[in-house]
*Asks:* 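Here it is, the structure in full.
The structure presented is a predicted model; accordingly, all values stated were derived computationally and were not measured.
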Amino acid sequence: MMKRAALVLFIACWAVSALSLAEDGKESIPSATDSPAEEFGNSTTTTTTTTVKPTTTKTTTATTTIPTPPQPTPGPTKDSVGNYTLMADKTVMCVMAQMALKIRLAIPKGSGTFVVQPNITKVEGSCKGTKANLTLVFKEGFITFMFNQSIAEDRVFVDTLSFSLSYPLIKDANMPYTASNKSLHLFEAKVAHSYSCKAESVFMGNGLYLDVTQDRMQAFNLTKSNDFGTPDPCPADKPDYRVAIAVGVTLLVLIIIVVVAYLLGRRKRTGGYQSL
């Protein structure tokens, strides 16, 4: 009886175990509805391409013609330094000048320059007594220097300066440009001496200037060989000794301070000793 009971119990356990394995096997096999469609077979994707025609935009550019302002003549160079002479008669030279000339306009509306070209400039004028008129004539106008000799002061100078210029220094210019400056005291030198200056500018009014560079001129009493007399430099070309004097005085003061400090220091050292 005991053996039969054990056998029946074994068979029952085996049956239960087999039934449990069968249920597990059914759960491990997935159903067709549990898997997504993309996991089975190849999916087909349809792409639609649309061709967009390029759009052409026409751009209209308005062309505006800008008037070209007059180009100024070149600045003073070695070639623009002219040698001008005026004869009192066929044998006596009255005025001799060596210089570069430039008429300049500087106003808020604009600026421009005109450089006198010596190779196309003529000399006109006359000399009478203590007066001399040196006029430089060129295609665009003229420049006049009126020299005056003062016997009482033993000086020669320009007391009137004028010019006229028909050249467009700026756009929409009102030509000609005219200027006259009287009662002047310019380019002064002793009688029989010459006036010299590297560069100077004379204001003529209404924004107009006459720039004179590399200047050396003389009226009356030239040498027998028609050379310039002893040059009298303009104030800008005279040596300025004020800086040198100031430096010398400063150095002298420093030397005095050093000597005094040395003597005081030596006196203090010697005062610390007593004679035995």
*Asks:* Check the orientation of Y195 and F187. Use parallel for under 30°, tilted for 30 to 60°, and perpendicular for over 60°.
*Replies:*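 Answer is perpendicular, since the angle exceeds 60°.
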*Asks:* What's the separation between atom SG in C234 and atom CD in E188, rounded to the nearest 0.5 Å?
*Replies:*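 Answer rounded to 0.5 Å: 12.5 Å.
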*Asks:* Using side-chain heavy atoms (C-beta onward) and a distance below 4.5 Å, is F114 in contact with L169?
*Replies:* yes
*Asks:* Using every non-hydrogen atom in the two residues, find where A88 and C127 come nearest and quote the distance to one decimal.
*Replies:* CB-CB, 4.2 Å
*Asks:* Test V156 against N148 for side chain to side chain contact (heavy atoms under 4.5 Å, CB included), laying out the working first.
*Replies:* CA-CA 6 Å; V156 177; N148 182 19; over 6 Å; no
*Asks:* Inspect the contact between D232 and R216 and indicate whether a charged nitrogen and a carboxylate oxygen are less than 4.0 angstrom apart.
*Replies:*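 No salt bridge links R216 with D232.
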*Asks:* Can you confirm whether S196 sits close enough to F228 that some side-chain heavy atom of one is under 4.5 Å from a side-chain heavy atom of the other?
*Replies:*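 Not touching, per the 4.5 Å side-chain cut-off.
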*Asks:* Mind checking whether L165 and F138 have side chains closer than 4.5 Å, heavy atoms only?
*Replies:*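 Yes, at least one pair of side-chain atoms sits under 4.5 Å.
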*Asks:* Identify the two heavy atoms, one from A132 and one from C94, that lie closest to each other, and give their separation to 0.1 Å.
*Replies:*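 Looking at all heavy atoms of both residues, the shortest contact is CB-SG, 3.9 Å.
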*Asks:* I103 and L210: side chain to side chain contact (heavy atoms under 4.5 Å, CB included), yes or no, with the steps?
*Replies:* CA-CA 5 Å; I103 296 175; L210 180 64; 4.1 Å; yes
*Asks:* I want to check something: taking the side chain as every heavy atom from C-beta on, are N221 and Q149 in contact at a cut-off of under 4.5 Å?
*Replies:*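 Side-chain contact under 4.5 Å: yes.
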*Asks:* Same cluster for V158 and L86 if Ile/Leu/Val/Met/Phe/Trp/Tyr side chains link at under 4.5 Å?
*Replies:*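 Same hydrophobic cluster.
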*Asks:* Is it the case that atom CG in N174 sees more than 12 heavy atoms from other parts of the structure closer than 6.0 Å?
*Replies:*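 Atom CG in N174 is not packed in, count stays at 12 or less.
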*Asks:* Assigning hydrophobic clusters by single linkage (Ile, Leu, Val, Met, Phe, Trp, Tyr; side-chain heavy-atom cutoff under 4.5 Å), is V258 placed with I255?
*Replies:*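 Different clusters: V258 never reaches I255 through Ile, Leu, Val, Met, Phe, Trp or Tyr contacts under 4.5 Å.
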*Asks:* Should L101 and V212 count as side-chain neighbours, where that means a heavy-atom distance under 4.5 Å?
*Replies:*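 A side-chain contact exists here, since the closest heavy-atom pair is under 4.5 Å.
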*Asks:* Looking at S150 and D154, would you say the former's side chain and the latter's main chain have a donor-acceptor pair under 3.5 Å?
*Replies:* no
*Asks:* Got a second to check how far M217's CE is from D215's CG, nearest 0.5 Å?
*Replies:* 4.0 Å
*Asks:* Rounded at 0.5 Å granularity, tell me how far CZ in F203 sits from CZ in R104.
*Replies:*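 Going from CZ on F203 over to CZ on R104, the span is 10.0 Å.
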*Asks:* Please step through side chain to side chain contact (heavy atoms under 4.5 Å, CB included) for the pair D159 and H185, ending with a clear verdict.
*Replies:* CA-CA 5 Å; D159 60 7; H185 212 87; over 6 Å; no
*Asks:* Roughly how far, to the nearest 0.5 Å, is the CZ atom of F157 from the CG atom of L186?
*Replies:* 10.0 Å
*Asks:* Looking at residues at least two apart in the chain, or sitting in another chain, which of them share a side chain to side chain donor-acceptor pair (under 3.5 Å) with T144?
*Replies:*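 So T144 forms a side chain to side chain donor-acceptor pair (under 3.5 Å) with T135.
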*Asks:* For the hydrophobic clusters of this structure (ILVMFWY residues joined by side-chain heavy atoms under 4.5 Å, transitively), does one cluster hold both Y84 and V202?
*Replies:*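 Y84 and V202: one cluster.
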*Asks:* Would a 4.5 Å heavy-atom cut-off, applied to side chains only, mark K122 and L136 as touching?
*Replies:*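 They are not in contact (no side-chain heavy atoms under 4.5 Å apart), so the answer is no.
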*Asks:* What are the two closest heavy atoms between G229 and Q218, and how far apart are they?
*Replies:* N-OE1, 2.7 Å
*Asks:* Would you check if the side chain of D89 reaches a backbone N or O of T91 as a donor-acceptor pair within less than 3.5 Å?
*Replies:*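 Indeed, once roles are kept as given, a pair shorter than 3.5 Å links the two residues.
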*Asks:* Strictly distance-based, threshold 3.5 Å: is any side-chain N or O of D211 a donor or acceptor partner for the main-chain N or O of A199?
*Replies:*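 The answer is no, because no donor-acceptor pair under 3.5 Å joins these two groups.
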*Asks:* Step by step, work out the side chain to side chain contact (heavy atoms under 4.5 Å, CB included) result for V191 and F220.
*Replies:* CA-CA 7 Å; V191 174; F220 312 110; 5.9 Å; no
*Asks:* Taking atom types as modelled, find out whether N133 and S126 have a side-chain donor-acceptor pair closer than 3.5 angstrom.
*Replies:*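 N133 vs S126: no donor-acceptor pair found between side chains.
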*Asks:* Regarding K198 and D237, does a basic nitrogen lie under 4.0 Å from an acidic carboxylate oxygen?
*Replies:* no
*Asks:* Please find the pair of heavy atoms, one from G112 and one from I170, that lie closest to each other, and give the distance.
*Replies:*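 So the two residues come closest at N-CG2, 4.3 Å.
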*Asks:* Looking at every non-hydrogen atom in both residues, tell me the closest pair between M204 and F163 and how far apart they are.
*Replies:* CG-CE2, 3.6 Å
*Asks:* What are the two closest heavy atoms between N206 and I107, and how far apart are they?
*Replies:*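 Minimum heavy-atom contact is O-CG2, 4.0 Å.
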*Asks:* Given side chains that start at C-beta, do those of M93 and D227 come closer than 4.5 Å, heavy atoms only?
*Replies:* no
*Asks:* With a 4.5 Å heavy-atom cut-off, do E140 and S164 have their side chains touching?
*Replies:*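 No - every pair of side-chain heavy atoms lies 4.5 Å or more apart.
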*Asks:* May I ask you to check whether over 12 heavy atoms, not counting those of K190, lie within 6.0 Å of atom NZ?
*Replies:*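 No.
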